Structure formats: structure tokens, C-alpha cells
4 protein chains.
Amino acid sequence: MNDYSFIISFFILNVNTVRKVMTHLKKDKPKYKQIIDAAVVVIAENGYHHSQVSKIAKQAGVADGTIYLYFKNKEDILISLFEEKMGQFVTSIRGKMTGEEDAIKQLEILIKSHFQMLADDHHLAIVTQLELRQSNKDIRLKINKVLKEYLLVVDEVLKNGVQSGVLTEDLDIRLARQMVFGTIDEVATTWVINDQKYDITKLGPGIHSLLVNGLKK
Amino acid sequence: MNDYSFIISFFILNVNTVRKVMTHLKKDKPKYKQIIDAAVVVIAENGYHHSQVSKIAKQAGVADGTIYLYFKNKEDILISLFEEKMGQFVTSIRGKMTGEEDAIKQLEILIKSHFQMLADDHHLAIVTQLELRQSNKDIRLKINKVLKEYLLVVDEVLKNGVQSGVLTEDLDIRLARQMVFGTIDEVATTWVINDQKYDITKLGPGIHSLLVNGLKK
Amino acid sequence: MNDYSFIISFFILNVNTVRKVMTHLKKDKPKYKQIIDAAVVVIAENGYHHSQVSKIAKQAGVADGTIYLYFKNKEDILISLFEEKMGQFVTSIRGKMTGEEDAIKQLEILIKSHFQMLADDHHLAIVTQLELRQSNKDIRLKINKVLKEYLLVVDEVLKNGVQSGVLTEDLDIRLARQMVFGTIDEVATTWVINDQKYDITKLGPGIHSLLVNGLKK
Amino acid sequence: MNDYSFIISFFILNVNTVRKVMTHLKKDKPKYKQIIDAAVVVIAENGYHHSQVSKIAKQAGVADGTIYLYFKNKEDILISLFEEKMGQFVTSIRGKMTGEEDAIKQLEILIKSHFQMLADDHHLAIVTQLELRQSNKDIRLKINKVLKEYLLVVDEVLKNGVQSGVLTEDLDIRLARQMVFGTIDEVATTWVINDQKYDITKLGPGIHSLLVNGLKK
DNA sequence: TATGAATGAGCGTTCATTCAT
DNA sequence: CATGAATGAACGCTCATTCAT
């Protein structure tokens with residue numbers, strides 16, 4: 001075995017090790033996602049406080065005890081659920097914004113994607129807009145941590161807008177972010193509370209225009 | 001506020017007065033308010049899920065059973081609490097806006113009043129922004145009903161602005177209302193979650209400017 | 001009202017107050033003893049680990065929740081049970097020993113009473129000799145505290161015997177107490193494990209003689 | 001030990017040897033002892049009720065399922081543990097008593113050995129004196145069966161003493177055995193409950209003297 | 001033999017509500 | 001009106017045991 005083969009085998013070993021470590025993560029096992037998806041459905045249909053662990057287990061097609069092989073406790077299902085879905089969402093939005101450099105158009109994409117995601121998953125919309133908020137302050141803090149990732153995207157868009165000169169130069173990023181997120185969130189919650197009976201994706205352009213131009217004539 | 005909206009608000013005020021006058025309900029007895037105030041303190045200090053009826057009774061200085069002479073059940077305490085406080089809030093805001101006819105200045109007053117109310121009552125801020133939302137969908141629907149009274153004030157301001165020509169003429173009142181309320185609410189919640197450690201009343205002008213002028217340059 | 005009547009009424013008040021305070025003690029309410037007696041029966045018949053709180057409640061004729069008005073938790077039932085019964089036992093033994101000054105005869109009374117108590121309450125015997133010991137170290141420490149009261153009686157007898165010269169003068173009280181209690185306890189446990197199928201009270205004299213005279217000729 | 005008891009003990013030893021030789025059981029495989037030793041450590045350190053099978057398996061360095069290749073169930077680990085250790089203990093005591101024919105001196109050896117064994121194995125002392133007793137009546141009965149082997153040794157000593165005339169001639173062997181064992185056991189348990197903070201081996205002579213001479217002057 | 005992921009039965013405790021006084 | 005003792009339904013979580021690999 002010469003020096004090269006040593007190096008090669010070193011890398012192969014490394015790759016295998018990495019792969020092993022990764023597949024050993026609970027998050028990558030099929031039952032992890034299986035339980036999360038079951039939780040979304042059960043919580044959406046029954047509300048968080050009527051979603052017994054046994055109900056989620058049944059929906060996921062596993063035993064009650066199996067839940068606890070993948071999640072620390074019931075709360076952890078909720079947090080993991082949000083982590084998982086929000087992670088996918090942020091990745092998806094970043095993907096859609098790729099190539100677009102105009103902050104105002106980026107904001108358009110962001111709003112459109114946000115509403116589209118909610119419209120695409122009836123159950124997830126209920127869970128994120130209503131049920132997730134019924135948890136106590138501790139969970140809410142953890143959820144907020146996950147939300148940060150999304151708010152970071154908003155911040156990037158806003159900062160880009162200021163730097164490129166399309167947004168007002170003395171913009172208070174923190175306040176602006178709260179307006180953007182607060183507005184989108186309020187529109188979404190109202191839509192869910194009204195049983196999603198109208199097409200939320202149609203509200204995107206109006207919201208976008210309001211945020212960009214404000215109320216005044 | 002234009003003549004029409006004045007008339008509308010006059011009737012609303014009237015309706016409320018009439019209801020009060022006609023019913024001579026428990027609402028007017030001292031223990032009613034005593035229990036509600038106790039609930040605000042207990043919920044703010046212990047969180048919604050640790051606020052047992054017995055704890056509220058103790059804080060109010062009455063027996064557990066007495067609660068049920070004034071409220072149908074625990075939910076009813078929550079809804080009544082919100083009704084009571086929101087009623088006072090709306091009355092107060094209307095009072096402060098009296099005489100001001102410029103919608104943009106009315107909005108300024110509304111935002112300022114909203115933040116001032118939260119800053120004035122530490123406990124109430126926690127309860128309305130965090131704890132009240134931990135209730136289930138049914139209660140949330142009832143709370144939303146109570147909230148309507150406040151949103152009506154926002155609508156009046158917006159309609160006034162459109163009619164008087166200071167706000168954009170094709171304004172979608174519903175969306176604009178959701179932006180205004182969503183933004184104020186998000187700012188308030190963020191402030192409470194951060195333990196009210198900065199002065200929220202100082203954020204009023206910035207928020208007002210953002211809502212009126214939008215993000216763009 | 002003269003000075004005397006003042007004093008009298010003062011005492012009457014005192015007596016009432018004391019009585020009130022006493023009857024307000026959970027221990028003196030009928031349900032306290034009711035639950036303890038139920039626990040003795042249920043635990044004796046099912047074993048501690050198969051004695052669900054609901055089973056004890058049913059036997060006591062109260063609701064499950066009522067248990068928790070009188071006891072902190074399931075463990076607390078066990079400890080209180082032992083406290084109550086051991087307290088009665090110690091009082092009873094002291095009563096029977098009243099007037100007897102000879103330590104050797106006092107020991108006879110003590111052994112006889114101990115065995116008699118066990119023979120008198122079939123269920124209690126099982127609970128004290130077997131089930132009580134299945135608890136963890138924490139409970140055992142608490143139980144030992146209660147037991148101290150009994151061991152104190154043994155100590156008194158032994159000290160009396162040494163002082164009056166009927167027992168060996170260089171007696172190690174601690175070791176002697178452990179021999180006396182250890183022996184009585186072992187005899188009792190063996191009897192219970194053998195389903196109480198012989199008359200334990202008949203063993204008293206033999207045990208007494210052995211303890212007093214030892215094994216040697 | 002007189003000739004007869006020697007013969008008896010010879011047969012007992014023989015029987016044990018034969019059983020071992022004939023069966024070629026799991027008992028002789030290394031993992032059997034490995035698991036038992038792990039159980040002693042885990043139970044001593046965590047208490048009986050916190051000693052999950054999985055914890056014992058981990059300590060033993062085997063998989064959970066492997067436990068069930070060597071033991072029928074969790075109970076069986078306990079009983080086997082006691083069997084194994086008590087067997088060693090009895091063999092050791094018999095060895096130490098070899099050659100000694102005076103019953104009173106045999107008793108001295110027995111007590112000394114008993115305390116020495118406990119002092120030598122910190123963990124085993126906790127397990128036998130405290131944790132093993134937290135099991136239910138069924139296990140206790142089985143443990144008592146194992147204990148018989150030890151009690152047999154006590155009986156032999158006592159019978160020897162009566163026959164050789166050093167112990168009182170009308171000695172009730174059963175009661176005397178219960179006094180001897182009950183006393184030793186109580187002393188041992190007290191020592192363990194007090195965290196083994198004094199030297200139990202120093203108590204041997206005092207206990208021996210008390211048992212032999214009794215309490216009286 | 002050995003593994004360890006999966007199973008699912010089992011239970012102590014809380015607390016909103018009632019009702020006899 | 002007011003009390004507060006009593007009620008009892010409801011559920012998250014653990015862990016001994018199994019069995020496919």
C-alpha cells in the first residue's frame with residue numbers, strides 16, 4: 001500500500017464514519033418524520049390539549065412508547081415539529097429567492113411563499129397559526145429561537161433593500177421586521193380562524209403593496 | 001373622525017350603555033371586578049396553566065364556589081376579563097381621539113394609546129399578549145369577537161382617512177386593518193416576551209411612520 | 001362581670017380555640033382514619049405495589065381525589081399509617097407497663113404486647129412486617145424515625161434494668177436494643193411469611209427467656 | 001462441629017457440586033457472573049426501584065436482550081444474585097469453622113465472618129440489607145428459601161452446642177436461630193442505613209457475648 | 001449467541017366543578 | 001349569597017419483555 005492508497009482509504013473511512021453518524025441521528029430515521037407528520041394531523045384536528053400522545057402514536061402507526069424513543073416528551077414533539085417544518089420552509093424560500101436581487105421583489109417572493117406554504121398544508125397552517133401558541137412561555141421561547149431563522153431571512157431582505165437604495169435609508173430593521181412578520185402572521189391567523197374559507201394566496205400582492213407603500217396616498 | 005363614523009361610534013357607545021343599564025347583572029357587583037382583577041394578577045404571575053380557579057379565588061379573597069356565582073366557568077373568567085379590559089381600552093381610545101379629524105393623527109393617537117395602556121399595566125400586558133393566547137380555539141374565537149370592537153375603531157380611522165383623501169383611495173380596509181393590528185400586536189408581544197425591558201412607548205412614532213409611509217424610499 | 005368571670009371566660013375561650021384547632025387537624029377528621037384503615041386492608045391483601053390509590057379510595061368509600069385532601073401522596077399514606085398505628089402501640093405498651101418496675105417483667109410485657117398486637121390485627125401484621133419494607137430508602141428513613149419512639153421504650157426498660165441491677169452492669173444499650181428488637185422482629189416476620197399459621201403469642205415466653213438468659217447453659 | 005453435622009455439611013456440599021457438574025448451566029458461562037456483578041453494583045448505587053434492566057445490561061456490557069438469555073426475568077436476577085453470593089458466603093463460613101468444635105466459638109466465627117463479609121463488599125451489603133427487601137412477597141419467599149442454607153449452618157452450631165452440653169439443654173432451636181439471625185441482621189441493617197460509617201466488625205464480640213449470656217446479670 | 005428497537009400495559013395526581021350547609 | 005369539602009375524569013410517561021435480524 002503506497003502513500004496515496006493510505007490517503008484514499010483514509011477518506012473512505014471518513015465518509016463511512018460520517019454516513020454512520022448521520023444515519024444514527026433520530027431525525028433521519030423514518031419514524032421520526034412519521035411521528036411528526038402524525039402529530040401535525042392529530043393536533044390540527046383535535047387541538048393541542050386534546051391530542052393525547054396515544055392518539056399521535058396511533059396515527060403514526062407506532063406504539064405509545066416508541067414516541068419516547070424519538071422525543072423527550074410531548075412538548076418536544078411540538079418543538080421538533082416546528083423546527084422541522086420551519087427549516088424546510090426557510091430552505092425553500094431561500095431557494096426561490098436565489099438570483100433575485102431586488103429587495104422589493106424578494107419581499108414579494110417571501111410573502112407569496114409564506115402564504116403558499118400555508119395554503120399547501122391545511123393541517124400545518126392550523127398547527128402553526130393556532131395550536132403552537134397554546135404552549136407555555138418556555139416552549140414559546142424555544143419556538144421563537146426556531147423562528148429566528150425565518151426572521152433572519154426577512155432581515156436580509158430589508159438590509160439588502162436599504163443598501164441597494166430601494167428601501168428608505170433610515171429604516172429601523174427591527175421595527176420593519178416586526179411590521180412585515182406581524183402583518184403576514186396576522187393575515188394568516190385571521191385566515192385560519194375563519195376556517196381557511198378564502199384563498200389566502202390572493203392576498204399576497206395587496207399585502208406586499210401595503211407594506212412597501214404604506215397607508216398614505 | 002368624520003360625521004358618519006362619529007354617529008356609528010355614538011350608537012356603539014349607546015348600545016353598550018343600554019346593555020349595562022338593562023341587565024343589572026353581576027357585572028356591577030363589586031366581587032365581579034374583584035375576581036377579574038385577581039385573575040389578571042394570578043395569570044400574569046403564574047402563567048395561564050398554573051392559574052387554578054382556587055388560586056384566583058384566594059387572591060380575590062373569596063371561596064372557590066363563589067367564583068361560580070359570577071362566572072359560568074373558568075373560560076368565562078378569561079373572556080369576561082378581556083371584555084372588561086378591552087371595553088375600557090376602546091372607550092379610553094375613543095375619548096383620546098375625540099376632536100381629532102386627521103386619520104393619520106388618529107392613527108398616531110391609537111398606537112400611542114395602545115402602547116401606553118400596555119406600559120401602564122404590567123400584569124395586563126402579560127395576560128393579553130401571552131397568556132390569553134394559550135387558550136383553545138373556542139375561547140380564541142370568543143376573544144376575537146371582543147376584539148372586533150377595537151378593530152372597528154381601526155376601521156373607522158382607515159375609512160375616515162380614505163374618505164378625507166389622506167390615505168390611498170383604493171385601500172383594502174380589511175388588509176390595512178390586519179397590517180395595523182398585526183404590526184402593533186407583534187411589537188407588543190415581542191416587548192412582553194423580552195420581559196418589557198425597554199420602553200415600548202418610544203416605539204410608537206417609528207411604527208406609525210412605517211405604517212403610513214411603508215418600507216420603500 | 002367581675003375579675004373572676006373574666007378569667008373564666010378567658011379559659012372557656014381558650015378551650016374552644018384549642019378544640020377548634022384540634023378538630024381542624026386532618027388527623028382528627030373521620031376520613032383520615034377511614035383512609036388509613038382502608039389502606040391497611042388493601043395493602044395487606046394486595047401488596048404495596050398492587051395497591052393503587054384508587055383501590056384504597058374505593059375501600060375507604062371516598063373519591064380518589066379525597067385521598068389527596070388528607071395525604072400528600074401515596075407514600076404519605078404509608079408513613080402516616082405507620083405513625084398512627086405505632087403511636088397507638090407505644091401508648092398501649094406504656095399503659096400496660098405502668099406500675100411494673102422490674103425490667104425483666106417489663107420486657108415480658110413488651111414482648112407479649114408486641115406479639116399480641118400482631119395477632120390481633122391480621123392485616124396490620126402483614127403491612128408492618130412485609131409491605132412497609134418494600135419502600136425506598138427515603139420512606140424507610142421516615143419510618144425509622146417513627147420506630148424510634150418504640151425503640152425508646154426498649155431503651156428505657158434496658159436502662160432501668162441496668163440501674164436496678166437486674167441486668168448486666170456493662171450492658172451496651174444500643175447493641176442490646178438491637179438484639180431485642182431484631183429478635184422480636186425476626187420472629188414476627190417469619191410468622192407472617194408462614195401465613196400466620198401458628199400462634200405467635202405462644203412464642204413470647206421462650207423468646208423472653210432466650211433474650212434474658214442467652215444461649216449458654 | 002461434631003461428627004454428625006460434619007457429615008451433613010459434607011452431603012450438602014456434595015449435592016451442590018453434583019448439581020453444578022450435572023447441569024453445565026448458563027451459571028458457568030462468564031456472562032452469568034458478569035451480569036450478577038453488574039446487578040450488585042447498579043442496585044447498590046441506584047436503589048432497587050431505579051435499577052432498570054437496561055441499566056444492569058449497560059453496566060454488564062451486554063445488550064438488554066442478552067440478559068434474558070441467562071435469566072428468566074428481572075426477579076430471577078435478584079434471586080440468582082442472592083443464591084450466588086449466599087452460596088459463596090456459606091461455603092466460606094463452613095471453611096472458617098472447619099476444625100472448631102466448640103459451639104460458642106463456632107458462633108463467634110459465624111458472627112465475625114458475617115460482619116466481615118458485609119464490611120468487605122460495600123455494594124453487596126447495601127443490596128442484601130436494604131434493596132433486596134424491597135421486592136414483593138413472592139421474591140421474598142424465594143430469597144428465604146436460599147437463606148435456609150445459611151440458617152442451616154446456624155442450626156448446626158446450635159444443635160452441636162446442645163449436644164456437647166455448652167448450650168442450654170432445652171434450647172428451642174427454631175427460636176434460638178431466629179434470635180441469632182434476627183440480631184445479626186438487625187445490627188447489619190442499622191449499620192447500612194447509617195451509611196456504614198462505623199466499623200461493624202468491632203461489634204462482633206459484643207453481639208456474641210449478648211447472644212450467649214443474655215441480658216441478665 | 002447476541003442485539004436493541006419496538007412494544008403497550010399500567011397508575012399517581014390534578015383541578016374544574018358541584019352542592020349540602 | 002357564600003362556603004369549601006368532596007368529587008372523579010383524564011393522561012403523560014416508564015420499563016420489563018419480545019423478536020426479527
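Only a predicted model underlies this, so the values are computations on that prediction, with no experimental measurement involved. Keep in mind that the numbers below use all heavy atoms, side chains included, and drop hydrogens, waters and symmetry copies. Residue numbers start from 1 in every chain, and the chains themselves are labelled A, B, ... in the order their sequence lines are given, proteins ahead of strands.
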inquiry  = Please give me the minimum heavy-atom distance between D:Ile143 and D:Leu132, naming the atom from each residue.
reply    = CD1-CG, 3.5 Å
inquiry  = Assess whether a salt bridge exists between A:Lys85 and A:Asp37, defined as any Lys/Arg side-chain N lying under 4.0 Å from an Asp/Glu carboxylate O.
reply    = yes
key: Nearest-angstrom distance from the residue atom OH of D:Tyr70 to C1' of E:dA2   = 9 Å
inquiry  = Pairs counted only when both distances fall under 3.5 Å, Watson-Crick or G-U: show me the 5' to 3' dot-bracket for DNA chain E, [ ] for pseudoknotted crossings and | for other-strand partners.
reply    = .||||||||||||||||||||
ask   = What distance do B:Gln52 atom CD and B:Lys58 atom NZ have between them, rounded to the nearest 0.5 Å?
value = 11.0 Å
ask   = Hey, does A:Tyr32 have a side-chain heavy atom less than 4.5 Å from the side chain of A:Glu84?
value = yes
key: Nucleic acid footprint by protein, nucleotides 7-14 of chain F - heavy-atom cut-off 4.0 Å, B for base, S for sugar-phosphate alone   = BB--SSBB
request  = Taking the side chain as every heavy atom from C-beta outward, state whether A:Tyr68 and A:Val53 have any atom pair closer than 4.5 Å.
outcome  = yes
message = Rounded to the nearest 0.5 Å, what separates atom NZ in B:Lys74 from atom CD1 in B:Ile139?
response = 9.0 Å
ask   = Which whole-number value in Å describes the distance from C:Ile77 CD1 to E:dC11 C1'?
value = 13 Å
ask   = Between E:dG10 atom P and C:Lys55 atom NZ, what is the distance in whole Å?
value = 11 Å
Exceeds 12 heavy-atom contacts within 6.0 angstrom, atom NE2 of B:His49 = yes
request  = Would you mind reporting whether B:Phe82 and B:Val127 have side-chain heavy atoms less than 4.5 Å apart?
outcome  = no
D:Ile56 CD1 - F:dT17 C1' separation (whole Å) = 14 Å
